[in-house]
Each structure stands twice: as structure tokens, then as C-alpha cells.
Amino acid sequence: MLSPPLSRRRFIQALSSATALTACTWLARSPKAAPQASAYTPTFFTPEEWRFLHAACDRLIPEDANGPGAVELGVPEFIDRQMATPYAHGALWYMQAPHVAGPANLGYQLPYTPRDIYRRGIAGARKLARQTHNAEFADLDADTRDSVLTVLETGDLQFDDLPASTFFGHLLGNTQEGAFSDPIHGGNKGLGGWAMTGFPGARADFMDWVDQYGRQYPLGSVSISGETI
Amino acid sequence: MATITRKSVDVVIVGGGWAGSIMAKELTEAGQHVVMLERGGERSTASDGAYPGSLDELEGNFRFKIFQKLSKTTVTVRNNINQTALPYRQLAAFLPGEGVGGAGLHWSGVHLRMAPDDLTLRSTVISKYGKSFIPEGMNLQDYGVTYAELEPYFDKAEKVFGTSGEAYKVQGKIVGNGNAFAPDRSDDFPLPPLKDVTGAHLFRKAAAEAGYHPYSIPAANASRQYTNPYGAQMGPCNFCGYCSGYACYMYSKASPNVNILPALRKNPLFELRSNATVLHVTLDSTKSRATGVIYLDEKGDEIIQPAELVILAAFQFNNVHLMLVSGIGKPYDPVSNTGVVGRNFVYQNISTTTAWLDPSVYTSQFIGTGGGGVAFDDFNSENFDHGPQGFIGGSPVWVNQAGVKAIAAAKAGGPPGTPRWGSAWKSGMIDTYKHAVRMDAHGSNMAYRDVFLDLDPTWKDAFGRPLLRMTFDWKDNDIRMNRYVVSKIANVTKAMGARRTHLGMKEFGQPFDTRFYQTTHLGGGAVMGNDPQTSAINRYLQCWDVSNVFVIGSNAFPQGTGYNPTGMVAALAYWSAHHIRTTYLKNPGPLVPA
Ligand SMILES: Cc1cc2nc3c(=O)[nH]c(=O)nc-3n(C[C@H](O)[C@H](O)[C@H](O)COP(=O)(O)OP(=O)(O)OC[C@H]3O[C@@H](n4cnc5c(N)ncnc54)[C@H](O)[C@@H]3O)c2cc1C
Ligand code: SF4
């Protein structure tokens, strides 16, 4: 009980044979690499919704000098895979009726699960783009997509009884989760989200680094499955 | 669905967290046959803390893998009596536990003793500043128990939890560099303090330079290998950073699962039934004696469990809820200001300050341990003169870095004013994650006549019981306290050489917001005391009205403290158990005449 569990020791052995244990940034790897054409086929999102999701995530976390964007990191795949979990079916939430509107600070009160929120929210956002720009959201240029997203984020727009800002909040939250969670969930491809932030992932042992005051942690990230950078 | 009556037992305990586990250990030691009922499933480090699979931030902190599932039951919340309370549908502001070990499996480990003046706050305030110093509508109360009385139990809890810390005064002698405001101790901490992480290290130096008295936060995260009095073994904490919200894979963070239950599970006098949801306590026709409890088992059968003694250890608000649905004690009515169950519901008043350091300094926020860090208490409790300030209460200030992981960093974003997404967000977020230090003012929250708990008229849980309703808002006294203490942090961040500081303060008129995590340090609602008109339980945590029911938890706190509650909850459990063992069992009945 007093030494790390066996599984951990085996895991570390596996690591020590891995090639790169030093930090490497996205830029050092390949600044202009085009997003890998994902072999992933969505099971929840329709083809039109899937296009919207890519086009929106791409602006929430754009690829830039700091590192990869949400699309390169596989965020759409992450969100689609999340849609099959109990969370997306509302199983983590108290969903009993009646659903009564109230002040924002008392929290979410709608009867919609995350799956419902995406379905309604994407339909509403696409409609907004068609009404205001006469085009599919996914076909708009980056600046115009930003302006539509800003309307969703900050405006008083409602998609029936779903506030656009509620949809936006879910989209943004899930996008961030996808970019920075363990790749076991389908996002954070190549550990690119972690490389960008300097988060070492599942390393989880800093006994010898805790008092190296102010210094940059020297090792790269490692995932639950043993992927390293 | 059948109804089954089980064989009567000596003691039934509702809840398998710290409070329940301590009571079970103590009462089995006294030869009692104890059945512990826990609504959630079995949990252990081997399964819930398995490496590396459990080191999954999405599952741990964002899908709340080992927290309470709200789908079956929750509470409703409103800010004032004129509002309609609405269900707390998604976990956010507070994160209750569920499953064997309760929140004690996924807590952080800050392990503090209550400040002596906080235990006698009403008397202390009146003697120092006069009765008129207490604002209209504030229900300021004493606990009815003193630090001297509790000291042996604080000491015992630290030894059971394997607490790391540095003492200041032991048996009247100054022995170390601990908290200069801390009261005398009968013994040192069982383990030396944990190392400081970068942020805490810089904070320690800067706080001293600013003239404050920094100390290592006592932490139930082992700094060395340790074997506790029950034979439970702990390994040294490696600052893994997956502390708050996780079952420690290193066996370093104290939990009922690691520190107490292994000893209990071997004892034939102890029986743990998980997936057992207690619906209510059953009373006899006089309503002054409990006959046992009724619970639903895994199959949905209704089980009648008779017992001589009932211990409610289901966590603060669940204890209050069980009392209300069982008809134990008089429910509080804020209009007539009568009744006690639901009265003095309190929380904790926390705000976070951020300092951005030079970009050459990496703060490695992912390195962390739940209970460790550096604090100063110069503005906590009665350690400073409240006279000129005109408010009651205080806050410790600390760097308590439990490990900030990548999703949390992304959601926290950059400095105030930075966009929430896009390239500017990315730059601000990365800079903040790499080079910032976060400090909390972890303050007290006073009790008020119109802040309380009762049963909701509309919403029900999956078992048909009315939900508990919270009526809660921040009050002027507490906001002023927060703003005063936070203003003092400016000197510290200056001494740190921060290139930028955001002093996080409570704002006047901003209502309590259920959407953002604050703390799970909820308190009161069934408070202890010496006056049955203002307390639901006596100083031994025994119900005034039903003497074979004891209620153990932070529900006993008459007001919210600047400290984390569990050190006090554990000490109160040992204190109560001691009096049950030495007095009550020999002669069951009220330990204090009503
Ligand atoms: C993320 C987090 C971090 C924390 N960090 C700290 C810290 O650093 N320091 C500190 O002092 N405190 C901390 N706390 C608070 C600490 O966890 C609690 O004070 C402590 O666990 C309370 O113990 P308890 O036994 O009273 O309740 P719990 O641990 O909540 O146990 C109560 C148990 O009762 C069960 N139960 C409830 N209702 C029923 C029912 N009807 N029938 C059967 N069973 C029932 C629940 O499922 C639960 O398992 C933290 C809490 C959280 C959530
Ligand atoms: S930080 Fe320490 S105590 Fe906390 S989970 Fe990691 S090893 Fe355990």
C-alpha cells in the first residue's frame, strides 16, 4: 500500500521507453500543418450540424501562434462522442418538472438536455446566419462567424424558449473541455492542448519538482493511455 | 416492491462519510452493534482511485464522477423570502458527496481546528464591543462548547487523519513557526508540514514582508509515510494535483475509506449497507423517541430498520432535511422567529485574488495538494480589532493550490476584461496558467433571521419527499468583511513583485449565484447550543426533542467560520461519541435537561 500501485509502476516503465520526454510546443512541430482530415463519422450530429460545429469551434479556439485550434484538436469528435454519454442525456441533472423561469443567478431551469440544446441551438444559429448574412454559418468568413458568435454570446436572442447565450455557453464549455481533456475522450489530439498550456496531463507525480521554485517544468505531457509528447 | 422489517440493532447511522464513520468506529468500540446506511455505492481507492484511469479531469471535475448525482434529489434555492425558490439542477456552487466515504473521499484535506473565539463568538463580541455592535437581524450565537473542551478531540482527529502541519504552541511552549494566532495544543501534529509549491513559497515571503504571520496550512495529506491509531497506512503525498474531486491514488489524502473503514470492516459488530437511502426516521407515538429508520434498498424494497439509537450523519443539509421530513424538532419560522430546525443556515464567503508574476517565473499551478499551502490569520476570527471596522467575522488568506488542471485553466481564462474565446482568450489564459498565483480570502458568514432552510412547497425528490429549500443571500456585514480583508492582500501581491493584480472582492448588491463554484462548506440549520429556543441540538449534538437521535455534521455550526469545517466536524463527532459512550449508553435520555 505504501509504494505506488503496481499499475503505476508498469505505466512508468512503459513511459521511460517512450521517445520524447522533453517539452515540445505545437509550433516546434509543424506550424502550418493542415487539420488532419478526420476519419471520424459523427453519430449524433447531422452533416449540416457537423459543418456548423466545425465552423464554430474553429473560431472559439482558433489555430494561431499559441498553438492548435479546436478543429485540429478534434473537438467536434469529442462533442459528438459526449452526446452518447449520460451527461448529454441530462442524467447528471435534476430534470423534474415544473420548469419555471427565474433570475439567471438561480441557474439553469429549462427541460432541455445537452442533446436538445445542441439540436435547437445549432438550428437557431444557422437560421440567424441565413437571416443576417444570407448564407450558411459554415460558409461565412472568420470575422463574420465571430460576429454571429458574439450575438449568440451577448445578445438577448432566444431560440423559442432557449436563450442563444445558453446554447453558446454549452458550446464554449464543451469546446474547452474537448481541447484540454484527456485524449481518451476524442479531443486534445496529439496532446496539442496540453502542450500549449504546459499541462503535463496524467504525470501526477511532482515529488521532486514541487520546490524547484519558479522554474519551468521540464517534462512533456502524458495521457492516460500512455501517449506522450 | 416489498416492505421488510429487519432485526433491531443498537445503533443505525445514516451516512457513510467522516461523521458517520467516526461515530461507527467509536460506538463499535463501545460494544454496540452498528448498521451504517449509505445512499450511494461502495467506493475504494483501488477502484475509484485506480492509476492512471482516475486522473481524468473531465470525468473527475466536470462530469462529477464521484459526487452526488442530482437526478434523484437536490435542493431549491432563492435569495429571499419573496422569491420562488428554483431547483439547483446542475452541480456548481457546492458539490455534495455520495457513496461510501461521502465527500470525505473527494475533499481536499485542509484540516483546521476552530478558533476559540469563534466558538464563543456572541459572548466575545458582546464583551469586546458591546451588544449594540451586533447588527439587527443577525443571529449571533455561541456553540455551547469551548476550545478547551474540544482540544482532546481535535488532537485525536489529527492523529486519525495523519495531519501534516507545524505547531506554534504545545502545552504553553512556543515550539515552532506555526500559526501565531493558533491556540495552545496538547501535542504536535503527527506529521511535519508539506513542502510549499511555488505560489505558496512566494506568498510566504511576501506575507512576512507585508508584516503578516504566514504559516503552513495543516493538511490531511500525508507529508511522510504514516500509520494511524487504527492501523491504517498512508503514503507520502506527491503533489499529484488530482486532489479535490478525486480518490487519492497514493493513499496520502485522509478519507474514511482509507483511515477508518478498513478497521471497521473487520469488526463483526459493524455492518455497512450501501445503496440504502434513508427516507425518514420513525418516531413512536409520543414523538419524543425514535424507533429506527425506513430506507429503500438497491432493489427498491422498503426496509424498516429498528434501532435503539439513531445517528444522523448525512451531511449538513441532508441532516436538516431528514429532521424536517421526520418531524424531529420544531421547524423554524422566520416570520414569527420561532422554531429551530432550519434556523441559522450559513455558508462561507470566499473570493479569489490573482497576481500575475514576471513571465520568467513559472508557477506550475498543476502541481498541488488539496490541503497544503500557506496562510495568514491576521484578519481572521477575533485576531484584529473589529471596533473601527464595524463588522463581525474574518477570513484567513491563503495560497491553497490543490492542482489546477488544463480544463479548469481554460474555463478560468485570462485577466478580467479578456474575451472568453478566440486568440485573445488563448494568450490571456496561457499567460495566467503559466505565471499567475491565486489567493483566497476564505471568510466567515454570519447567520441572519431571514436566511434559513425549510421544505419546498413545489418540487419533490425521486422518492416523493419535498425538496429542501434554501433561502440565502449575502449580507452587508459579510461583504464589508470580505472587502476589508481582500484590500489587505494588495500589500502581499506588491511584495511578490506582481506585474498585475486582480483583487477579487464581493460586490454589494450581487446576489448569491448558484452557477459558480464557491465551496461545499455549508453550515447550520440544526445548530448546537445551550438554549433549546435557539438550537436544535444540545452541546453533545443530541436532539433536544428526541433524545435518542444525535445529529453530527456542520449543521451544528451556529455561524459560518473562516476555516474549513471538517476538522471541527470530526472533533464534534469524537466529542459527541465520548459523551454517548461514557454517559448516554449507561443511562439513555437527555444529556442536558431541556
Ligand atoms: C471538493 C470539496 C473539497 C473539500 N475540501 C475540504 C477541505 O479541504 N477541508 C475541509 O475541512 N472540508 C472540505 N470539504 C468539506 C468536507 O468534504 C465535508 O465537510 C465533510 O466531508 C463532511 O463530512 P460528513 O460526514 O458530514 O458528510 P459527507 O461526507 O457528505 O457524508 C454524508 C454521507 O451521507 C450520505 N447520505 C445523505 N443522505 C442520505 C440518506 N438519506 N440515506 C443514506 N445516506 C445518505 C451521503 O451520500 C454521504 O455519503 C470539501 C468538500 C468538497 C466537496
Ligand atoms: S495531491 Fe497528494 S493527497 Fe492529493 S490526491 Fe495527489 S497524492 Fe493524494
Give a yes-or-no answer on whether the side chains of B:Tyr230 and B:Asn259 include a donor-acceptor pair shorter than 3.5 Å.
no
Heavy atom to heavy atom, less than 4.5 Å: which residues from residues 510-517 of chain B reach chain A?
B:Pro511, B:Phe512, B:Asp513, B:Thr514, B:Arg515
Please identify, among A:Gln109, A:Arg215, A:Met207, the residue contributing the most non-hydrogen atom pairs under 4.5 Å to chain B.
A:Gln109
Using a 4.5 angstrom heavy-atom cutoff, name the option from B:Ile430, B:Leu194, B:Asp461, B:Leu86 with the most pairs to chain A.
B:Leu86
Would you say the side chain of B:Lys65 lies within less than 4.5 Å of the side chain of B:Tyr246, judging by non-hydrogen atoms?
no
Verify whether the ring centers belonging to A:Trp93 and A:Tyr108 lie closer than 6.0 Å.
yes
Under 30°, 30 to 60°, or over 60°: which ring-plane class applies to A:Phe180 and B:Trp425, parallel, tilted or perpendicular?
perpendicular
Below 4.5 Å from any heavy atom of chain A, which atoms of B:Ser360 appear? Answer side chain, backbone, both or neither.
backbone
Heavy-atom proximity to chain A below 4.5 Å, by part of B:Thr363
neither
Could you tell me which of B:Phe62, B:Phe239, B:Trp459 has the largest number of non-hydrogen atom pairs under 4.5 Å with chain A?
B:Trp459
Please assess A:Phe44 against A:Tyr118 for the test ring pair (Phe, Tyr, Trp, His ring centres under 6.0 Å), listing each intermediate value before the final yes or no.
CA-CA 10 Å; A:Phe44 173 77; A:Tyr118 275 102; 7.3 Å; no
What part of A:Leu149 is in contact with chain B, defined as an atom under 4.5 angstrom from a non-hydrogen atom: side chain, backbone, both or neither?
both
Strictly by modelled atom types, are B:Asp48 and B:Tyr249 linked by a side-chain donor-acceptor pair under 3.5 Å?
no
Is A:Leu92 close to chain B through its backbone or its side chain, or both, or neither, when contacts mean heavy atoms under 4.5 Å?
both
The side-chain hydrogen bond (donor to acceptor under 3.5 Å, both in side chains) partners of A:His185 (sequence neighbours excluded) come to B:Asp56
For atom NZ of B:Lys205, decide whether the heavy atoms of other residues, nucleotides or ligands shown that lie under 6.0 angstrom number more than 12.
no
Do the side chains of A:Leu110 and A:Pro163 get nearer than 4.5 Å, heavy atoms only?
yes
Do B:Thr471 and B:Arg78 meet the criterion of a side-chain donor-acceptor pair at a distance under 3.5 Å?
yes
Most heavy-atom pairs under 4.5 angstrom with chain A, which of B:Leu91, B:Val77, B:Asp196, B:Thr73?
B:Asp196
Residue A:Asp208 versus chain B: region with a heavy atom under 4.5 Å
neither
Side-chain donor-acceptor pair present, B:Ser423, A:Asp64, cut-off under 3.5 Å
yes
Indicate yes or no: at least one non-hydrogen side-chain atom of A:Tyr112 is less than 4.5 angstrom from one of A:Arg120.
yes
B:Trp421 side chain to A:Gln176 side chain, donor-acceptor N/O pair below 3.5 angstrom:
no
Please check if any side-chain donor atom of A:Thr144 sits under 3.5 Å from a side-chain acceptor atom of A:Ser147, or the reverse.
no
With a 4.5 angstrom heavy-atom cut-off, is it the side chain or the backbone of B:Lys411 that approaches chain A, or both, or neither?
both
By a 4.5 Å heavy-atom criterion (distance strictly below it), what part of B:Gln83 contacts chain A: side chain, backbone, both, or neither?
side chain
Please classify the contact of A:Ala101 with chain B as side chain, backbone, both or neither, using a heavy-atom distance under 4.5 Å.
backbone
Most chain B-contacting option - heavy-atom pairs closer than 4.5 Å, from A:Ala179, A:Gly178, A:Gly173
A:Gly173
Using a 4.5 angstrom heavy-atom cutoff, name the option from A:Asp58, A:Leu172, A:Asp182 with the most pairs to chain B.
A:Leu172
Under 4.5 Å from any heavy atom of chain B - which part of A:Ala104
both
Among B:Thr458, B:Ile367, B:Val361, which has the most heavy-atom pairs under 4.5 Å with chain A?
B:Ile367
Flag the one option from B:Met429, B:Lys195, B:Glu59 with the top tally of heavy-atom pairs under 4.5 Å to chain A.
B:Lys195
Under 4.5 Å from any heavy atom of chain A - which part of B:Thr369:
neither
Tell me, out of B:Arg63, B:Glu57, B:Lys69, who's got the most heavy-atom pairs with chain A below 4.5 Å.
B:Arg63
Can you tell me which portion of A:Thr150 sits under 4.5 Å from chain B's heavy atoms? Options are side chain, backbone, both or neither.
both
Taking the six-membered ring of B:Tyr242, is NZ or CZ of B:Lys405 closer than 6.0 Å to its centre and within 45° of its axis?
yes
Is a side-chain donor-acceptor pair under 3.5 Å present for B:Asn80 with B:Asp473?
no
Given a strict heavy-atom distance threshold of 4.5 Å, which part of A:Pro98 is in contact with chain B: side chain, backbone, both, or neither?
both
Is B:Tyr433 close to chain A through its backbone or its side chain, or both, or neither, when contacts mean heavy atoms under 4.5 Å?
side chain
State, without any angle test, whether B:Ser252 and B:Asn238 hold a side-chain donor-acceptor pair at a distance under 3.5 Å.
no
